[in-house]
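Contents: one structure, followed by commentary.
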Amino acid sequence: MVLQTVQTILNRLRASLDAPSRGPRTAVVIGRLLAAAFLLCFGTGVYSHFLQDPLPWMVFTTRPTWLYQLTQGIHITAGILCLPLIFAKLYSVFPSLFQTPAVRSFPHLLERISIALFVSASLVQIVIGLLNTYQWYALFPFPFRQTHYALSFVIIGSLAIHIAVKLPIIARYWANAEVAAGTSGASTNSASVVAPHKLTSSPTRNALDRAEGVTGRVFDWIDGTPPPEPRASRRGFLTVVAVASAAVVALTAGQSFRVLDGSNVFGPRKQGVGPGGLPVNRTAAAAKIEAAATSSDWRLVVSNGETTRSYSRAELLALPQHEVDLPIACVEGWSQSARWKGVRVGDLVDSVGARGGVAVKFTSLEQNSSYAVSMMGAEYVRDDLTLVALELNGEELDLDHGYPARVIAPGRPGVLQTKWLTSVEVVS
Ligand SMILES: Nc1nc2c(c(=O)[nH]1)N[C@H]1C(S)=C(S)[C@@H](COP(=O)(O)O)O[C@H]1N2
Ligand SMILES: [Mo]
């Protein structure tokens with residue numbers, strides 16, 4: 001009795017939520033865009049992860065120099081795009097939340113659990129990613145990067161299950177809604193089961209019911225009251241989603257892509273703003289290195305086993321100087337190219353007798369920061385564009401950008417471009 005009442009309420013709810021914009025065709029149209037965005041985020045995210053935590057055998061390409069800038073821009077832009085898309089997707093399948101019976105079989109239970117996991121992991125992932133771009137991740141009680149990385153596997157795994165389970169629906173609604181709806185909507189069988197109401201022959205309605213395997217049930221409760229009129233049309237709804245998606249991209253992607261800088265309203269970073277015309281990630285004051293970095297005692301210590309040389313800034317400036325155009329591409333979703341001038345890292349390690357492909361460890365004056373130390377593989381150390389930079393955009397390096405000396409190398413995440421260097425150690 002109670003069960004039946006609950007079922008009636010759920011059915012009533014589903015019927016009242018029905019709209020042409022809701023149904024399997026919308027779910028498939030939005031779903032494949034979302035899947036594409038997820039896969040782009042996953043691929044670019046894994047690349048970024050291994051650049052920062054490489055496995056011992058990994059070697060990366062240093063060209064094109066803007067490769068990481070591009071993959072990072074895609075990661076952030078596709079991630080932001082996921083936000084309107086996931087809400088659109090949830091909207092399109094929302095009535096299924098109240099499907100009856102709630103659990104039809106053990107496989108059906110597993111399917112619903114996997115979807116719950118998928119949806120919640122995706123929402124958390126997108127939201128913490130977005131907060132990261134606004135540098136609010138320090139508020140999380142968990143390490144951002146490890147969590148974001150681990151969740152990505154939960155998402156890709158449950159996405160694979162979800163796609164496998166929904167494959168028949170995806171296949172049916174992949175190409176053309178009208179064809180798919182026409183075959184089911186015209187079915188006299190389903191029309192005879194449900195109440196004789198004009199909506200019952202709605203292609204979307206019948207398609208939805210058929211897809212859910214509950215044909216006819218939605219209207220079992222009907223006691224003469226017709227369900228409300230449908231609201232947004234599918235085309236109208238998809239247009240709204242497209243406009244919203246284009247808007248969030250246009251209003252934020254300027255933090256990664258210069259052509260869109262003018263419309264970058266919500267992106268937390270603006271191009272060209274900061275000392276030397278470049279945004280600052282962590283300031284000298286925040287890093288508490290001002291005294292050490294401006295001291296006349298500052299030296300850059302370069303070592304290779306027992307061989308050690310130390311350079312004052314004037315001595316570094318007396319070495320052959322090279323100019324390179326390289327971007328800072330931050331994992332927090334902004335990037336900008338700049339002109340750097342300084343000493344080749346290759347020349348410095350040569351000066352302490354290193355030969356051939358060697359890896360290097362850079363240490364900053366900064367203490368107690370995960371950015372205080374960075375490792376660099378031989379492919380970067382031996383690249384002519386990899387510098388210990390002393391100048392930025394034609395000016396002396398600003399204290400906030402890493403004065404007296406900082407790393408700049410092609411195609412690496414900003415986190416590895418260590419500022420306020422104190423030592424360069426050959427480690428292999
Ligand atoms: N020592 C030190 N180096 C650092 C950082 C830092 O916090 N401390 N931030 C890194 C990050 S996350 C980025 S994106 C770049 C930013 O460089 P910029 O502030 O000169 O733009 O510096 C990197 N180098
Ligand atoms: Mo960064």
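The figures that follow rest on heavy atoms only: side chains count, while hydrogens, waters and symmetry mates do not.
Annotation: R299, atom CZ; neighbour count of heavy atoms from other residues, nucleotides and ligands within 6.0 Å is above 12. Shown here is F106, whose CZ atom has no more than 12 heavy atoms of other residues, nucleotides or ligands within 6.0 Å.
Using a distance-only test at 3.5 Å, with no hydrogens or angles considered, no donor-acceptor pair links the side chain of R382 to the main chain of G357. In this structure, W298 contributes its side chain and L421 its backbone to a donor-acceptor pair below 3.5 Å. Between the side chain of W420 and the backbone N or O of A284 there is no donor-acceptor pair closer than 3.5 Å. Looking only at distances, a side-chain donor or acceptor of S256 sits under 3.5 Å from a matching main-chain atom of G333.
Within the model, atoms CG of N304 and CZ of R309 stand 12.5 Å from one another, a figure rounded to the nearest 0.5 Å. Between the CG atom in L83 and the OG atom in S245 there is a gap of 9.5 Å [rounded to 0.5 Å]. C330 SG to Q255 CD: the interatomic distance, rounded to the nearest 0.5 Å, is 9.5 Å. Interatomic distance, CG of N11 versus OG1 of T100, reported as 3.5 Å (0.5 Å rounding). Note that CH2 of W174 and CG of L167 are 10.0 Å apart. Values are rounded to the nearest 0.5 Å. Between L399 atom CG and L397 atom CG the span is 9.0 Å, to the nearest 0.5 Å.
Within the structure, the side chain to side chain donor-acceptor pair (under 3.5 Å) test picks out the following pairs touching residues 60-89 (sequence neighbours left out): T44-H75, S48-Y68, T62-D383, R63-D383, Y68-Q72, Q69-S335. Residue pairs meeting the salt bridge (Lys or Arg N to Asp or Glu O under 4.0 Å) criterion with at least one partner in residues 317-337, sequence neighbours excluded, are R269-E332, E323-R339, D325-R339. Among residues at least two apart or in separate chains, there is no side chain to side chain donor-acceptor pair (under 3.5 Å) pair with a member in residues 388-412. Residue pairs meeting the salt bridge (Lys or Arg N to Asp or Glu O under 4.0 Å) criterion with at least one partner in residues 142-158, sequence neighbours excluded, are D53-R145. Residue pairs meeting the salt bridge (Lys or Arg N to Asp or Glu O under 4.0 Å) criterion with at least one member in residues 418-428: none, sequence neighbours excluded. The side chain to side chain donor-acceptor pair (under 3.5 Å) analysis of residues 312-321, with sequence neighbours excluded, yields the pairs S312-E315.
Under the 4.5 Å side-chain criterion, counting only non-hydrogen atoms from C-beta, L97 is not in contact with L13. Residues P404 and L390 have side chains not in contact (no heavy-atom distance under 4.5 Å, counting atoms from C-beta outward). Contact annotation: the side chain of T363 approaches that of K361 to within less than 4.5 Å [non-hydrogen atoms, C-beta and beyond]. Using a 4.5 Å heavy-atom cutoff, the side chains of E366 and K288 are not in contact. Between L251 and N264, every side-chain heavy-atom pair lies at or beyond the 4.5 Å cut-off. Taking 4.5 Å as the limit, every side-chain heavy atom of L300 sits out of range of all side-chain heavy atoms of T422. Under the 4.5 Å side-chain criterion, counting only non-hydrogen atoms from C-beta, M376 is not in contact with L416. Contact annotation: the side chain of L67 approaches that of Y47 to within less than 4.5 Å [non-hydrogen atoms, C-beta and beyond].
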* Is there a side-chain contact (heavy atoms from CB on, under 4.5 Å) between I126 and I86 once you walk through the steps? -> CA-CA 9 Å; I126 294 166; I86 199 165; 4.1 Å; yes

* To do: Mind running side-chain contact (heavy atoms from CB on, under 4.5 Å) on L387 and V343 for me, showing each step along the way?
  => CA-CA 5 Å; L387 304 184; V343 183; over 6 Å; no

* Evaluate side-chain contact (heavy atoms from CB on, under 4.5 Å) for S152 paired with F38, printing each intermediate quantity in order. => CA-CA 9 Å; S152 73; F38 274 2; over 6 Å; no

* To do: Take T418 and S374 through the side-chain hydrogen bond (donor to acceptor under 3.5 Å, both in side chains) test and state the conclusion after the steps.
  => CA-CA 7 Å; T418 310; S374 65; 2.7 Å; yes

* To do: List the steps and the verdict of side-chain contact (heavy atoms from CB on, under 4.5 Å) for L319 and D347.
  => CA-CA 9 Å; L319 295 175; D347 290 350; over 6 Å; no

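Classified by interplanar angle (parallel below 30°, tilted 30° to 60°, perpendicular above 60°), the ring pair H162/F118 is tilted.
Between the side chains of Y91 and S21, at least one donor N or O sits under 3.5 Å from an acceptor N or O. For the residue pair S114/S158, the side-chain donor-acceptor check at 3.5 Å is not satisfied. When only modelled atom types and interatomic distance are considered, S369 and R282 share a side-chain donor-acceptor pair under 3.5 Å.
The ring pair (Phe, Tyr, Trp, His ring centres under 6.0 Å) search around F87 returns none, not counting sequence neighbours. For A378, the side chain to side chain contact (heavy atoms under 4.5 Å, CB included) test picks out no residue, with sequence neighbours left out. Under the rule for a ring pair (Phe, Tyr, Trp, His ring centres under 6.0 Å), the partners of F94 that lie at least two apart in sequence or sit in another chain are F98. L260 is linked by a side chain to side chain contact (heavy atoms under 4.5 Å, CB included) to A253, S263, counting only residues two or more places apart in sequence or in another chain. In this structure, F257 has no ring pair (Phe, Tyr, Trp, His ring centres under 6.0 Å) partners at least two apart in sequence or on a different chain. Partners of F42 by ring pair (Phe, Tyr, Trp, His ring centres under 6.0 Å), not counting sequence neighbours, listed by chain and number: F153.
In this structure, V154 and A121 approach most closely via the heavy-atom pair CG1-CB, 4.0 Å.
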